[in-house]
Amino acid sequence: MENTVNPFESLIAPILAAFPELEASDIVFNAAPKLELGDVAIPMFLPARKLKAAPPKLSAEFKEKVDFGDLVTEVNPTGPYLNLKLNRPAFSKDIVTRILADGDRFGSNHSGAGLRMLIEHTSINPNASPHVGRARCAMIGDSLTRLFRFEDYEVDVHYYVNDMGRQIGLLAMIAEEIEDLTFDQILDAYVEANERAKVDEDFAEKGYALLSRMEEGDPEVQAMFRNITDLCLKGQLAVLARIGAQYDTFDRESKYVKDARLDALVAQLKEKDAVFVDEKERLVVDLSKLGHEYEEGRYFVLMRANGSSMYGYRDLAYSMDKNAMGADVNLMVLGEDHKLYAQQLKMMLEATGHDSAEAIYYSYILLKDGKMSTRQGTVVLLEDFLDQAAALAQERVAEQCKDMTPEEQLDIANQVAVAAIRFAILRVSPNKNVTFDMEAALSFQGDTGPYIQYSCARMHSILRKYDGELPAVPGDAFPVTEDAEWILLNKLATFPDIINSCVEQRTVSAIAIYALEVARAFTTFYHDCPVLTAETPELIEARALVCKATRQVLANALDLLGLDAPERM
RNA sequence: GCCCCGAUAGUUCAAGGGAUAGAACUUCCGCCUCCUAAGCGGAUGAUGCAGGUUCGAGUCCUGCUCGGGGCACCA
C-alpha cells in the first residue's frame, strides 16, 4: 500500500473545487493548538498569498464556499486559520487500516527504490576502546543507514581504517615488547608509546623509520602494522556491535599510499597553477587558486620532502575510489574538527572534475566538568556505560520478570542499556554540543529510550491479554470516543512525513523526538482509555487495534534508531 | 587574528517564519483494591545583549558577548 499520501488528503479536493486557482501543495494540515478549536487546522497564509487575500478574511470565505460533505462536522474560521472538526471514526479507521496493512514498512516513502547509497562513518583511531563521543558518529551513521535502507536504498556501509601513521608505528614497537598484548592493554601502551617518543629520540626516529618502510611496502612491517590495527579494530568493532553498529566494507588507508590516479589529479591542479614545491621540498596545494578566500587553511600539503604521502593525499585517492562505486547518494559522517579539512578536499576534487561525498558533521560530546580527553582520562567509555547501565537495568528486570531465566533477563537489560545511550545521543541535533550526564543517562526516567521501551512493553502486555483474535483491519464502525485516542492516531499518521523530512535533511534526531511524542501520547491514552475493560466489545476491539497500530509505528521508529522493543521489561 | 557551528526554565533537550514557546530532570503537593509506578496528575520556572527585515521572529540579516571546533609535513 502506498502511504505517502496524507491522511487528510480527502479534504483537499473539496477545497480545490471551490478555489480552482489553488494547488494541493498550498494546503497544509497542522494540529490546532487546542482540541476545542478543531481536530485539524489549515493555515491560510499560503492560499492567501496566491489569492491575494487577507488570511483572516479567507478563512471565513473558506467556510462559506467549501463543501466538505460528511468528512467534516464543524468548520471554525479562527483568524488566519481554518479549524475543522472531523468525522473522527472515519479518519481513525483509515489511519489504523493503513498502518496495519503496511506493517513494518509503514512510514517508508520508498524514495530510494532502485538507488544505491554509500555511507562512511566511525573511523576511530586504532588506539583505544571507543568513548561515547566517538560513538556519536557510529550511532548517527548507523541510524542513517537504517533510515536509508527503510527508504529502500541499497546501502553499503564503509569503515575507513586508519592503519597508517607514526602513531601506529610507535604502537607496533610497544606491541613487540609485550607478549600476548590484549585490546584492553592498548590504551596504556599507546599512552606509553607517546610518552616515550617525547623523551627518547631514538625511539621516535624508529617510529618514522617504520612508517617509511611501511610505505615502501616492506612485508615484515606491513604484517606488524596489520597485527596491531587488527587487534584494535576487532576490539572496537566488538564494542560497536553491542550498540548495533554494523559495517559492510573496510577500506584500509594503507591501500592508498601510492595511487596512479593522483598523478592525473596533481597534473590537473598544476594546470591551474595551484600546486608548488615549497622551500622544504614539500608538494603543496595553494587552495586560493581554487577559490579559497582567506589566508587560514590556504595551503594543503600532499607529500613530504621524502616523497611519502600525507593523509590528505590518501583521502583524495579514497574519495575517488568511493566515487568509482557509483552510488546515487554518497555520505560521510565526520566530527566537526574535520570541517575545514573536508572542505579542502572537496575543493580539490571539484576543481579536477570529481565528485565529493556529502559531509554530515556532528559536534563533540562534552562532560559536565568539561571536555572529554583520552589522555587526561576524562572520558566515558561506551563499554563502561553499557556495563553499568545493563547492571542497573538487570536489577529492575529481575524484579519484574521473575519467571524468566537469568539469560533472558540479561538480554532485556542489555536492550535497555543500548536504548539509554543511543536515545540520549541521537535525540540531540548533530550540530549541537551535547552535555552528557552519566547520572541522568542511567536513571531511565523521563525523556529516555527506556521510557519508550516501557510504553511498548505495555502495548505488548495488553495485546497478550486480549481475549480472542484481533481482526487484521478495523471493522466498518470504528468507534473513537476519547480525545486521547484521536491525538494518538493523528500522531501515528504523521510518521511518513517525519521520515521524508529526515531523509531530505539527512538526520535522525527528529525520529527520536517523534518516538518520544508517540510514547507520551500512548501513555495518556493508556490512562484515559481502558482497553480490556472498555464498555463494549466493539470498543475493546477498536482500542486493541489502536494499541497494535501504535506498537507497529513505535517498533518501526525504534528500529531506525537502533533500539529494541522488548515485549516485557 | 581569521573561518565554521552553537546560545531557549536552575539543568539537559524540543519547537517546518505563524495561534498561549513544548517536554524531561531537580524542588514542592498528590496517585498502586484500576490493562507493568522504568508510570500518571498538579505547582514553580525560559528565547544571551543591541539593532534591523516582516502583517508576524526563538527561527531571517548586522554587530557584540559567551561556549565548541579549526587554521601546511597528526590521522
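Note that the coordinates shown come from a computational prediction; the quantities given were computed from them, not determined experimentally. Every chain is numbered from 1, with letters handed out A, B, ... down the list of sequences. Computation of the quantities below employed the complete heavy-atom set of this structure, encompassing side-chain atoms and omitting hydrogens, waters and symmetry-equivalent molecules.
Nearest heavy-atom pair across A/A128 and A/Q236 is O-NE2, 2.9 Å. Across all their heavy atoms, A/D564 and A/Q453 have their closest contact at O-NE2, 2.7 Å. For the pair A/V508 and A/L561, the tightest heavy-atom approach, listed with the atom from each and the gap, is O-CD2, 3.9 Å.
With B/C13, B/A19, B/A72 as the candidates, the nucleotide lying closest to the side chain of A/V301 is B/A72. Here the nucleotide nearest the side chain of A/V434, chosen from B/C13, B/G1, B/C74, is B/C13. Relative to the side chain of A/D447, the nucleotides B/C74, B/U20, B/A23 differ in distance, and B/A23 lies closest.
When the C1' atom is compared between B/G51 and B/A43, the two are found 38 Å apart, to the nearest whole Å. To the nearest whole angstrom, the two C1' atoms, one in B/C61 and one in B/G22, are 27 Å apart. Comparing the same atom, C1', in B/G70 and in B/U12 gives a spacing of 27 Å after rounding to whole Å. One P atom belongs to B/U44, the other to B/C29, and the distance between them is 15 Å to the nearest Å. B/G30 sits 32 Å from B/U47 when the C1' atoms are compared, rounded to a whole Å. Here the separation of B/U20 from B/A37, taken at their P atoms, is 37 Å to the nearest Å. Comparing the C1' positions of B/U27 and B/G10 gives an interatomic distance of 10 Å, to the nearest angstrom. For the P atoms, the distance linking B/C55 with B/A15 amounts to 27 Å, nearest Å.
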B/S/- contact track for nucleotides 31-44 of chain B, protein heavy atom under 4.0 Å | ----BBSBSS----
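Residue A/F300 is classed as having no contact, given no heavy-atom separation below 4.0 Å to the nucleic acid. Base contact: A/N83 has a heavy atom under 4.0 Å from a base atom. A/G165 comes within 4.0 angstrom of the backbone, heavy atoms only, and of no base. Note on A/A54: nothing from the nucleic acid sits closer than 4.0 angstrom, heavy atoms only. Contacts of A/D437 with the nucleic acid, taken as non-hydrogen atoms under 4.0 Å apart, are absent. Among the heavy atoms of the strands, none lies under 4.0 Å from A/P43.
Spacing between atom CG of A/L84 and atom P of B/A19 amounts to 18 Å, rounded to whole angstrom units. Between A/R49 atom CZ and B/C55 atom C1' the separation is 11 Å, expressed in whole Å. Distance CZ (A/R427) to P (B/A14): 7 Å, rounded to an integer number of Å. If you take CG of A/L340 and C1' of B/A75, they are 15 Å apart, rounded to a whole angstrom. B/C5 atom C1' lies 12 Å from atom CZ of A/R136, rounded to whole Å. Atom-to-atom, NE2 of A/H338 to P of B/C71 comes out at 10 Å; the value is rounded to the nearest Å. Spacing between atom CD of A/E293 and atom P of B/C71 amounts to 19 Å, rounded to whole angstrom units. Atom CE in A/M310 sits about 8 Å away from atom C1' in B/C74, given to the nearest Å.
Salt bridge absent: A/E336 and A/K339 never bring a charged side-chain N and a carboxylate O closer than 4.0 Å. Under the 4.0 Å criterion applied to side-chain N and carboxylate O atoms, A/D437 and A/K368 are assigned as salt-bridge partners. Note on A/R568 versus A/D403: salt bridge recorded, some NZ/NE/NH1/NH2 to OD/OE distance being below 4.0 Å.
Checking the phosphate oxygens (OP1, OP2) of B/A7, a side-chain nitrogen or oxygen of A/K432 falls inside 4.0 Å. Note on A/N433: every side-chain N or O is 4.0 Å or more away from OP1 and OP2 of B/G67. Between A/K371 and B/G69, a side-chain N or O to OP1/OP2 separation shorter than 4.0 Å is present. Under 4.0 angstrom from either OP1 or OP2 of B/C74 there lies at least one side-chain N or O belonging to A/Y208. Contact annotation: A/S429 reaches the phosphate of B/A14 (side-chain N/O to OP1 or OP2, under 4.0 Å).
Comparing A/D278 and A/P430 against RNA chain B, the residue whose closest nucleotide sits nearer the 5' end is A/P430. Nucleotides of RNA chain B nearest to A/Q344 and A/A31 differ in position, and the one nearer the 5' end is that of A/A31.
A cation-pi arrangement is found for A/K322 relative to A/Y318, the charged atom lying closer than 6.0 Å to the ring centre and inside a 45° cone about the ring normal.
In B/C28 the O4'-C1'-N dihedral to the base is more than 90° from 0, which defines an anti nucleotide.
Side-chain contact between A/L233 and A/P126 is absent, with no heavy-atom pair separated by less than 4.5 Å.
Counting distance only, with no hydrogens placed and no angle test, the side-chain atoms of A/E296 and the base atoms of B/G1 include a donor-acceptor pair under 3.5 Å.
Results of the side chain to side chain contact (heavy atoms under 4.5 Å, CB included) test with A/Y160 over A/R252, A/H121, A/M332, A/R314 single out A/R314 as the only residue that passes.
A/R422 CZ: more than 12 foreign heavy atoms inside a 6.0 Å radius. Environment of CG in A/D467: sparse, with no more than 12 heavy atoms of neighbouring residues, nucleotides or ligands closer than 6.0 Å. More than 12 heavy atoms of other residues, nucleotides or ligands sit less than 6.0 Å from atom NZ of A/K50.
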Dot-bracket for RNA chain B, please, read 5' to 3', with Watson-Crick or G-U wobble pairs under 3.5 Å on both distances, ( ) within the strand, [ ] crossing, | other strand, . unpaired.
-> (((((((..((((....[...)))).(((((.......)))))....(((((..]....))))))))))))....
